[in-house]
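To find a chain, count down the sequence lines: A is the first, B the second, and so on, and within it residues start at 1. This is a predicted model, so every value here is computed, not measured.
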Amino acid sequence: MAPCGAESVEFLDMAKVLTPQSEDFPRWYQDVITKAQLAENGPAKGSQVIRPSGYALWERMVEEMDARIKETGTENASFPLLIPESYFKKEADHVEGFAPELWMVTHGGGKQLEEPLAIRPTSETIIGEYMSKWTKSYRDLPLLLNQWCNVMRYELRTRLFLRSSEFLWQEGHTVHATYEEAHEFTLRILHEVYADFMENVLALPVLRGIKTEAERFAGALNTFGCEAIMRDGKALQMGTSHELGQNFAKAFDIQFLGSDGKQHHGWTTSWGTSTRMVGGLIMGHGDDDGLRVPPQLAPVQAHVMVVKDSDEVSAAAKKVYDELKGDGLRVRLDTRGDVAFGRRAVDAELKGYPVRIEIGPRDLKNGEATLVRRVSGTKETVPLGMLAEAVATALDADQQALFDESLELRESITADAGSVDEAIEAAQTGLARIAWDDCGVEGEARAAESGVTVRVLQRADGTVPDSLDESGLIAYLSRSY
RNA sequence: CGGGACGUGGCGCAGCUUGGUAGCGCACCCGCUUUGGGAGCGGGGGGUCGCAGGUUCAAAUCCUGUCGUCCCGACCA
């Protein structure tokens with residue numbers, strides 16, 4: 001029966017935990033972060049506190065990304081948080097690009113410092129200094145480094161996970177002997193590390209491409225990026241990979257002796273992804289009931305929940321927990337007897353656990369458990385003996401379902417535009433595709449006035465261009481975070 | 001940094017117009033009954049009303065400044 005009358009309306013209001021996405025998306029975003037206890041603002045402007053539920057998501061991202069980064073032969077290291085101001089001045093574009101975002105330490109031990117120290121907004125400069133020391137011979141190359149750390153950028157407008165003054169990230173820095181090697185490595189990171197992780201683990205299809213000059217990293221030759229589409233139709237830059245040419249090699253004197261017996265400048269790259277991806281995960285998959293975390297990423301893949309506490313039920317639940325855990329799944333057992341069923345169910349949905357297994361006296365009597373799937377919202381009863389298999393099947397299917405849903409959304413909001421005006425119009429609610437020749441930097445500047453940016457340029461066949469000099473490129477325009 | 005809005009227990013808000021010393025819902029604590037979709041009843045704790053000045057016998061309320069948050073723009077992972 002359709003809900004009607006005052007009682008039903010009141011019920012709906014009470015049942016509503018979050019502001020619906022359709023009503024106010026930014027508010028919804030805030031609500032989920034609060035209700036799922038992911039993060040909150042810190043005392044200093046733009047600072048953020050990441051709570052355990054939010055940090056667990058980041059930790060899983062780190063695990064998956066770190067494995068892929070190491071797969072490329074890159075090693076982790078750690079460089080200082082404080083960077084002498086003079087380092088920034090060595091690369092003209094770089095200092096110009098980052099100057100407005102720098103936090104500067106001017107005092108130490110109660111005394112003014114002789115030279116101010118910048119808190120790293122990114123580490124090209126200080127790592128460049130050491131690359132210079134460590135790169136003596138072509139035998140030292142390629143030098144492949146990465147660090148997981150925090151960085152700080154002064155921000156005027158901040159938003160939890162998406163843009164904060166301090167954030168956590170991974171920054172890779174490499175030196176290669178030739179342009180080709182550096183170029184190839186930049187793209188390898190884009191495809192094999194970033195896009196692979198985002199699509200296969202985060203279940204977010206990403207547009208890969210080259211950034212326009214306006215969107216390029218300060219000091220880079222070319223910037224490549226991965227863009228995901230959020231459920232409100234706006235784009236989010238999920239990661240970037242830069243080929244720096246010899247700009248930093250020249251500024252920091254990164255030279256090596258080649259097999260030809262001559263000195264050569266190295267070719268460097270840098271690439272990064274940050275806690276912003278947590279924001280992308282939230283906005284890319286979340287719905288009106290909360291987060292929907294793809295099974296591959298989920299810190300808790302299966303939530304085993306005792307419905308009514310009793311010795312038999314608890315024992316059965318523990319058995320299921322042990323079995324799933326034995327299968328290598330990330331499982332959480334919820335035997336809380338002092339929190340009502342509904343609250344625990346809603347909480348699990350807010351946190352986005354992919355599957356929930358409810359076990360109560362009724363299930364137990366039938367030798368079953370109830371399997372609730374977060375993505376589809378379906379409930380089914382499964383014989384206990386077949387539970388492990390059913391869970392595994394559900395996790396696989398729902399990982400794919402999230403990806404498909406996101407891809408479908410992207411396709412449904414992508415429109416071809418014949419003119420800049422058409423593109424700006426289409427980009428208000430989605431993704432506009434236009435020939436770069438029909439847009440150009442003039443069109444890009446005009447679009448920017450309407451809050452629309454060129455997210456990425458691709459070749460006509462959807463592959464990633466090697467440079468902006470290629471002809472026949474296609475531009476994707478949209479509003480973005 | 002420009003334009004707009006807002007800061008009142010943890011969260012969401014009322015009170016401000018017409019100054020008189022703070023209230024509601026949720027959350028929290030205790031007790032009992034409960035647990036298959038945010039449980040019920042009873043009892044209880046917690047706020048110098050963002051901060052700083054000013055006006056006044058008296059300020060959450062009026063004035064000024066400042067800090068912070070949110071939305072829109074410029075800048076960015």
Salt bridge or not between [X] and [Y]? Use side-chain N to carboxylate O under 4.0 Å.
X: A:Arg68; Y: A:Glu192; result: no
X: A:Glu227; Y: A:Lys211; result: yes
X: A:Arg343; Y: A:Asp347; result: no
X: A:Glu171; Y: A:Arg120; result: no
X: A:Glu63; Y: A:Arg60; result: yes
X: A:Asp334; Y: A:Arg336; result: yes

Between [atom2] on [N] and [atom1] on [X], what's the gap in Å once rounded to a whole number?
X: A:Tyr29; N: B:U69; atom1: OH; atom2: P; value: 15 Å
X: A:Arg343; N: B:G40; atom1: CZ; atom2: C1'; value: 14 Å
X: A:Asp289; N: B:G38; atom1: CG; atom2: C1'; value: 12 Å
X: A:Asn366; N: B:G36; atom1: CG; atom2: C1'; value: 13 Å
X: A:Leu18; N: B:C26; atom1: CG; atom2: P; value: 19 Å
X: A:Asp363; N: B:U35; atom1: CG; atom2: C1'; value: 14 Å
X: A:Asp334; N: B:G36; atom1: CG; atom2: P; value: 13 Å
X: A:Ile33; N: B:U69; atom1: CD1; atom2: P; value: 14 Å

For a quick check of understanding: with a heavy-atom distance under 4.0 Å over all strands, which category does A:Val151 fall into, base, sugar-phosphate or nothing? nothing
Would you classify A:Gly279 as touching base, sugar-phosphate or nothing, given that sugar-phosphate means primed atoms plus P, OP1 and OP2, and contacts are heavy atoms under 4.0 Å?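 It contacts nothing in the nucleic acid.
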If you measure from the [atom1] atom in [N] to the same atom in [M], how many Å do you get, rounded?
N: B:U18; M: B:C75; atom1: P; value: 44 Å
N: B:C62; M: B:U8; atom1: P; value: 15 Å
N: B:A58; M: B:G20; atom1: P; value: 14 Å
N: B:G31; M: B:G38; atom1: C1'; value: 22 Å
N: B:U17; M: B:U61; atom1: C1'; value: 10 Å
N: B:C32; M: B:G47; atom1: P; value: 28 Å
N: B:U56; M: B:G45; atom1: P; value: 39 Å
N: B:C57; M: B:G42; atom1: P; value: 47 Å

What is the base-pairing partner of [N], counting Watson-Crick and G-U wobble geometry with both distances under 3.5 Å?
N: B:U66; answer: B:G50
N: B:A58; answer: none
N: B:C26; answer: B:G10
N: B:C32; answer: B:G40
N: B:G73; answer: B:C1

For nucleotides 70-77 of chain B, 5' to 3', base contacts (B), sugar-phosphate-only contacts (S) and non-contacts (-) with protein non-hydrogen atoms under 4.0 Å give SSBBBBBB
Going by the side chain to side chain donor-acceptor pair (under 3.5 Å) test, which pairs reach into residues 280-289 of chain A, not counting sequence neighbours? A:Asp287-A:Arg374
Quick check: are there more than 12 heavy atoms from other residues, nucleotides or ligands sitting under 6.0 Å from CE of A:Met386?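 Counting other residues, nucleotides and ligands, CE of A:Met386 stays at 12 neighbours or fewer.
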Walking RNA chain B from its 5' end, the first of A:Ser47 and A:Gly342 to be reached, judged by nearest nucleotide, is A:Gly342
Residues touching RNA chain B, which here means a heavy atom under 4.0 Å, drawn from residues 307-320 of chain A: A:Val307, A:Lys308
Pairs under 3.5 Å (N/O, protein and nucleotides 4-7 of chain B):
none

Do A:Tyr154 and A:Phe98 have their ring centres less than 6.0 Å from each other?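 Here the rings of A:Phe98 and A:Tyr154 have centres that are no less than 6.0 Å from each other.
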Distance-only check: which donor-acceptor pairs under 3.5 Å involve side-chain atoms of residues 302-310 of chain A, not counting sequence neighbours?
unit_1   : atom_1 : unit_2   : atom_2 : d
A:Asp309 : OD1    : A:Ser314 : OG     : 2.8
A:Ser310 : OG     : A:Glu312 : OE1    : 3.4
A:Ser310 : OG     : A:Val313 : N      : 3.2

Is it the case that [N] (base atoms only) and [X] (side chain only) share a donor and an acceptor within less than 3.5 Å, ignoring hydrogens and angles?
X: A:Arg344; N: B:G36; answer: no
X: A:Asp347; N: B:G38; answer: no
X: A:Lys379; N: B:G37; answer: yes

Which class fits the ring pair A:Phe167 and A:Trp169: parallel under 30°, tilted 30 to 60°, perpendicular over 60°? perpendicular
Treating A:Gln21 as the side-chain partner and A:Gly286 as the backbone partner, does any N or O pair qualify as donor plus acceptor under 3.5 Å?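 Yes, A:Gln21 side chain to A:Gly286 backbone: donor-acceptor pair under 3.5 Å.
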Is the closest side-chain donor-acceptor distance between A:Ser241 and A:Thr186 under 3.5 Å? no
Salt bridge (charged side-chain N to carboxylate O under 4.0 Å, His left out) pairs, two or more places apart, involving residues 230-244 of chain A: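 For residues 230-244 of chain A: A:Arg231-A:Glu405.
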